[in-house]
Amino acid sequence: MKKAIFFPILVNFILVAAAFQLIMPTPSWSAQKKNTSVIRGVVASQYGMVSDARVRIAGSKDFTLTDINGRYTLETPLFSSRAIKITAGKDGWFNNSVNALPGNQNANIMLFPIPGKDNPNYRFISPAVCARCHNTLAKYWDKSKMAHTTSNVKVLNMFNGTDATGRVLSGPGYKIDNPDKDGNCVSCHAPSAAVTQGGARDIERALWSPKTEWDGISCDYCHKIRKVTKTSDTPSLFKSHLKRQTPLKGNSILVFGPYDDVVNTVMSASYSPGFDKGSFCAACHSQIKKSDNKESWNRKQVYTDAEWQSFDIGDDSVIPVQTTYQEWKTWQDGLPADDTNKGKRCQDCHMSWRKEMLPYDNYVIEGHARDMWGTKRDPQNIRPHHFDGGTQIQLKTALSMEIEGQINDNILDVNVFITNTNGGHWIPTGDPMRNVMLVLSATDSDGKALKKIKGEELPTWTGVGKIEEGNYAGLPGKMFSKVLKDKKGNINVPFWNAAEVAADTRIRPKTTVKLKYQFKIENLNDEPTAEAKLIYRPFMKSLAKVKKWENNDILITETAW
Amino acid sequence: MNSKRMLILGLIFLTMTSVHAFALDLSGNVKAQGLRKQDNILVYLTKTPDLTTPPQEAFVLDQNNLTFLPHILVIPKGSTVSFPNNDKVDHNVFSLSRTKKFNFGSYKPGESQTVTFDKPGIVELRCDLHSEMISYILVMKNSFFALTDKKGNFILDVAGLEPGKYFLKTWHEKLKNSKMPIELPAAAGKKLTINLKRGAPGVLYK
């Protein structure tokens with residue numbers, strides 16, 4: 001049976017290869033301008049000529065697309081004796097290349113299709129294996145929040161209802177409220193374990209299970225994603241479609257990535273345009289909860305119709321838990337075509353060069369492997385895998401604050417302007433535990449606080465107690481956060497108990513929030529001052545207390561008038 | 001011109017220049033608590049007259065190795081600043097500060113952009129693509145300002161100021177502003193000492 005299928009494919013392949021050599025115009029070099037050459041050829045497969053394949057000199061920025069007959073023409077700087085590597089890649093095909101020499105050389109390229117079916121029995125490769133050649137990239141990844149997500153203590157505490165010391169029944173816990181369910185934490189916190197045949201469904205078991213592939217979102221997991229599509233079957237409303245190599249197709253790894261010019265037998269790379277799209281991140285940076293019995297909640301009190309529609313997450317019975325991807329997409333969709341921010345993607349900010357990585361490198365591969373397979377490329381075409389987010393550097397650039405004041409008789413008017421300068425999504429984003437708060441104070445020249453007459457105050461859940469210990473309840477200020485509420489009216493509940501979003505005051509991209517305050521001046525001859533602090537808190541004070549988590553407040557910026 | 005008249009004129013000139021030599025600059029040292037380097041602290045005078053003629057100096061804020069250079073650029077209002085990209089990667093310089101809002105969009109190595117700053121205040125510069133890139137353009141009402149060197153020393157040229165009372169102020173992104181009353185020409189020629197503490201930086205002009 002196998003022979004019967006194999007024979008016609010082989011014949012077809014030979015016939016196409018023959019046509020490739022005989023029917024197509026002879027690929028050739030020809031001097032076009034004084035210092036340039038023109039390379040011509042075709043890209044073909046066992047099924048015929050391949051149109052819309054991306055052809056380039058390996059590592060160069062510019063590429064050309066093959067026409068309907070698989071033909072391409074490349075202009076290149078004139079060279080004399082050394083061969084240059086011409087590569088071709090297309091979504092759904094293994095990348096391939098040919099070494100072209102000056103003169104009448106054959107610069108045709110054959111492409112081979114990637115396997116049609118996924119292989120759930122595939123065992124993911126350790127990041128340590130990837131690090132043998134991609135040492136620097138793996139090092140950045142290892143320090144990133146993508147690594148070690150399975151063993152993240154806070155995730156496990158929230159899942160089990162434990163605290164940092166391991167004490168049970170300490171604050172909220174998914175398993176406490178849902179003892180008979182596994183939840184779906186693994187799909188993002190231990191994704192390779194979740195998709196492996198017989199892998200763990202419960203994150204606690206994933207951590208200890210021998211079937212767990214690797215701790216975190218590993219290199220091999222992400223680079224096995226063939227594409228990400230919309231679905232109604234997952235909590236994120238997006239699904240990652242994996243394509244894992246089968247032994248029948250050879251022992252190479254099969255790695256998807258953004259490069260169409262990476263060609264080596266060990267990796268068997270395949271160009272995948274999804275790696276350069278924001279939607280690639282959607283499978284995990286989006287999360288909804290469907291309310292019980294499809295009950296509607298009053299989403300109009302929180303979101304405008306335009307915001308809700310652009311989220312595209314369903315009807316009013318859907319509770320948006322995490323909408324980072326939707327926030328970015330909403331912002332991008334709303335920008336006019338000539339806006340300077342149009343086209344910015346998650347990867348542009350969260351996978352960009354950092355100063356500590358300098359000097360720039362021209363390779364994504366090191367050591368002996370670089371000599372064998374390395375492709376020299378522009379640093380602009382290299383994406384360091386640090387996935388930075390929620391750090392002081394990232395927050396400092398995402399938000400800025402200005403203050404102005406004016407004295408009118410015995411009143412001090414203070415205006416604070418907080419701008420989402422660089423966030424391509426609302427800030428804070430991600431888990432609703434995160435919040436940003438403005439803490440404002442006005443004092444006389446002796447440091448005595450002035451009495452607030454007008455302006456918002458911080459809620460009790462910012463902490464009641466000493467200010468020095470990070471308790472800000474009742475102080476002039478403003479909270480920027482998403483507040484989840486359960487059916488009993490409790491606020492800041494974990495997402496699995498949420499029945500509605502009570503408020504969402506997070507700051508939209510490139511927008512400024514103006515906050516007005518008034519304070520009473522006792523001594524008209526005095527010169528009062530006002531001081532504003534903008535603080536990021538990765539989780540609520542009350543939650544940190546019950547979970548015994550260290551207080552991780554980050555001072556984003558501060559300013560005074 | 002006879003020699004007697006020359007001598008008298010010479011004496012008058014010497015007298016004038018020796019009187020004004022004291023009043024030409026204010027110098028001193030800034031000690032900032034908790035800063036490894038004492039440079040880039042702005043020292044400036046307020047209650048001084050605004051600039052009446054547009055500044056002629058050309059200012060440059062470079063981008064290289066994911067860094068804005070200089071980190072602090074102080075300019076009189078009305079100045080034009082060019083922003084060349086001398087790096088190996090694209091940059092997108094922008095400001096959402098209320099003093100001056102602009103956004104160049106991504107531009108490539110070798111390209112340059114310019115902006116004129118016509119309003120005093122603080123302009124915070126960012127790059128859309130590289131989050132740690134940050135610098136400040138401090139737009140001043142006039143030219144009576146100086147930046148400290150690595151040791152915290154400053155020399156502020158006060159030539160052209162009328163004798164009188166002024167305020168000597170400071171600004172740094174990590175330090176509380178300070179304000180010191182001074183009187184000219186008495187303060188000129190004396191070495192001033194300013195001690196600063198970490199804290200919220202204030203506005204340039206209240």
Side-chain angles (χ1 to χ4, degrees), chain A residues 338-344 348-350 352-360 362 378-382 388-389 391-407 415 417 419-424 441 510-512 514 527 529-534 555 557-561, chain B residues 63-68 71 85 87-109 113 121-136 167 169 171-179 181 197-206:
Chain A
D338 60 349
D339 192 286
T340 52
N341 287 299
K342 192 78 176 178
K344 287 223 163 64
D348 291 328
C349 293
H350 297 282
S352 60
W353 285 93
R354 293 277 184 269
K355 276 180 204 164
E356 70 267 19
M357 296 170 180
L358 297 181
Y360 293 110
N362 293 103
D378 195 299
Q380 292 217 121
N381 295 332
I382 295 174
D388 205 6
T391 57
Q392 189 168 26
I393 281 179
Q394 201 87 8
L395 289 160
K396 200 169 170 55
T397 199
L399 294 174
S400 62
M401 180 167 65
E402 291 175 281
I403 191 168
E404 67 178 18
Q406 194 167 8
I407 295 170
N415 295 325
F417 304 84
T419 305
N420 179 345
T421 45
N422 215 19
S441 65
K510 307 287 178 188
T511 59
T512 299
K514 181 180 179 181
E527 190 180 324
T529 57
E531 197 170 300
K533 290 179 191 290
L534 202 57
L555 176 63
T557 185
E558 57 184 337
T559 186
W561 177 87
Chain B
Q63 302 152 75
N64 201 350
N65 282 335
L66 307 179
T67 308
F68 288 120
H71 179 60
N85 180 355
D87 211 338
K88 289 185 177 173
V89 294
D90 288 1
H91 287 298
N92 179 7
V93 187
F94 74 97
S95 156
L96 291 177
S97 299
R98 290 164 60 250
T99 300
K100 186 74 184 181
K101 294 185 183 190
F102 62 91
N103 188 346
F104 295 142
S106 294
Y107 62 109
K108 298 195 177 304
Q113 308 275 355
I122 300 166
V123 180
E124 192 178 85
L125 294 179
R126 303 285 183 88
C127 170
D128 249 342
L129 305 171
H130 304 102
S131 55
E132 72 235 278
M133 286 180 71
I134 185 166
S135 80
Y136 300 91
F167 285 112
K169 289 186 164 185
W171 186 93
H172 183 275
E173 64 194 289
K174 291 177 181 170
L175 303 171
K176 287 189 173 188
N177 291 19
S178 73
K179 183 179 173 184
K197 287 183 179 174
R198 282 188 83 101
V203 294
L204 290 180
Y205 301 101
K206 266 193 171 180

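Every chain is numbered from 1, with letters handed out A, B, ... down the list of sequences.
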task: Tell me, for A:Lys533 versus chain B, whether the close heavy atoms (under 4.5 Å) come from the side chain, the backbone, both or neither.
output: neither

message: Under 4.5 Å from any heavy atom of chain B, what part of A:Asn341 do you find: side chain, backbone, both or neither?
response: side chain

field: Atom group of B:Asn92 that falls short of 4.5 Å from chain A, counting heavy atoms
entry: side chain

query: Between A:Ile393, A:Asn381, A:Asp378, which shows the greatest number of heavy-atom pairs under 4.5 Å with chain B?
result: A:Ile393

task: State the CG-OG distance between B:Asp128 and A:Ser352, to the nearest 0.5 angstrom.
output: 10.5 Å

- prompt: With a 4.5 angstrom heavy-atom cut-off, which part of B:Glu132 approaches chain A: side chain, backbone, both or neither?
  reply: both

task: Let me know if A:Thr421 has heavy atoms under 4.5 Å from chain B in its side chain, its backbone, both or neither.
output: both

message: Which one wins on heavy-atom pair count under 4.5 Å against chain A: B:Pro109, B:Ala200, B:Gly105?
response: B:Ala200

- prompt: Under 4.5 Å between any side-chain heavy atoms of B:Arg126 and A:Ser400, yes or no?
  reply: yes

- prompt: Under a 4.5 Å heavy-atom cut-off, does chain A meet the side chain of B:Lys174, its backbone, both or neither?
  reply: neither

Heavy-atom contact with chain A under 4.5 Å, split by part of B:Arg98: both

- request: Would you kindly say whether B:Ser131 and A:Arg354 are connected by a side-chain donor-acceptor distance under 3.5 Å?
  value: yes

- request: Would you mind checking which part of A:Gln406 comes under 4.5 Å of any heavy atom in chain B, side chain (CB onward), backbone (N, CA, C, O), both or neither?
  value: neither

message: Does any backbone or side-chain atom of B:Phe94 lie under 4.5 Å from a heavy atom of chain A? Answer side chain, backbone, both or neither.
response: side chain

Other residues, nucleotides, ligands: >12 heavy atoms within 6.0 Å of B:Lys108 NZ: no

- prompt: Of the backbone (N, CA, C, O) and the side chain (C-beta and beyond), which part of A:Leu358 lies under 4.5 Å from a heavy atom of chain B, both, or neither?
  reply: side chain

- prompt: Are any of the side-chain heavy atoms of A:Gln380 and B:Asp90 separated by less than 4.5 Å?
  reply: yes

query: How about B:Val203 and A:Ile403: do any of their side-chain heavy atoms sit closer than 4.5 Å?
result: yes

message: Quiz question: by atom type and distance under 3.5 Å, do the side chains of A:Tyr360 and B:Asp87 form a donor-acceptor pair?
response: yes

- prompt: Which distance, rounded to the nearest 0.5 Å, do you find between the CH2 of A:Trp561 and the CG of B:Asn177?
  reply: 12.5 Å

task: Could you look at A:Ala398 and say if it's the side chain, the backbone, both or neither that has a heavy atom under 4.5 Å from chain B?
output: backbone

field: Max heavy-atom pair count under 4.5 Å with chain B, selected residue of A:Glu531, A:Lys396, A:Lys344
entry: A:Lys344

task: Take atom NZ of B:Lys176 as the centre, draw a 6.0 Å sphere, and report whether it contains more than 12 heavy atoms from other residues, nucleotides or ligands.
output: no

Engaged part of A:Asn362 at the chain B interface, taking heavy atoms whose separation is under 4.5 Å: neither

message: With a 4.5 Å cut-off on side-chain heavy atoms, are A:Thr529 and B:Lys206 touching?
response: yes

message: Would A:Glu527 and B:Lys179 count as a salt bridge (charged side-chain N to carboxylate O under 4.0 Å, His left out) here? Give the steps.
response: CA-CA 12 Å; A:Glu527 190 180 324; B:Lys179 183 179 173 184; 3.0 Å; yes

Where B:Asn65 and A:Lys355 come nearest, the two heavy atoms and their spacing: O-CG, 4.1 Å

field: Approximate separation, where rounding is to 0.5 Å, of A:Leu399 CG and B:Leu96 CG
entry: 11.0 Å

task: Give the member of B:Pro201, B:Ser106, B:Gly202 that has the highest number of heavy-atom pairs under 4.5 Å with chain A.
output: B:Pro201

statement: Whatever's closer than 4.5 Å to a heavy atom in chain A on B:Ser95 counts as neither

- request: Tell me, with the steps shown, if B:Leu66 and A:Glu356 meet side-chain contact (heavy atoms from CB on, under 4.5 Å).
  value: CA-CA 10 Å; B:Leu66 307 179; A:Glu356 70 267 19; over 6 Å; no

query: So which part of A:Asp339 gets closer than 4.5 Å to some heavy atom of chain B, the side chain, the backbone, both or neither?
result: neither

message: Is there a side-chain contact between A:Thr397 and B:His130 in this structure, where contact means two heavy atoms from C-beta onward sitting under 4.5 Å apart?
response: no

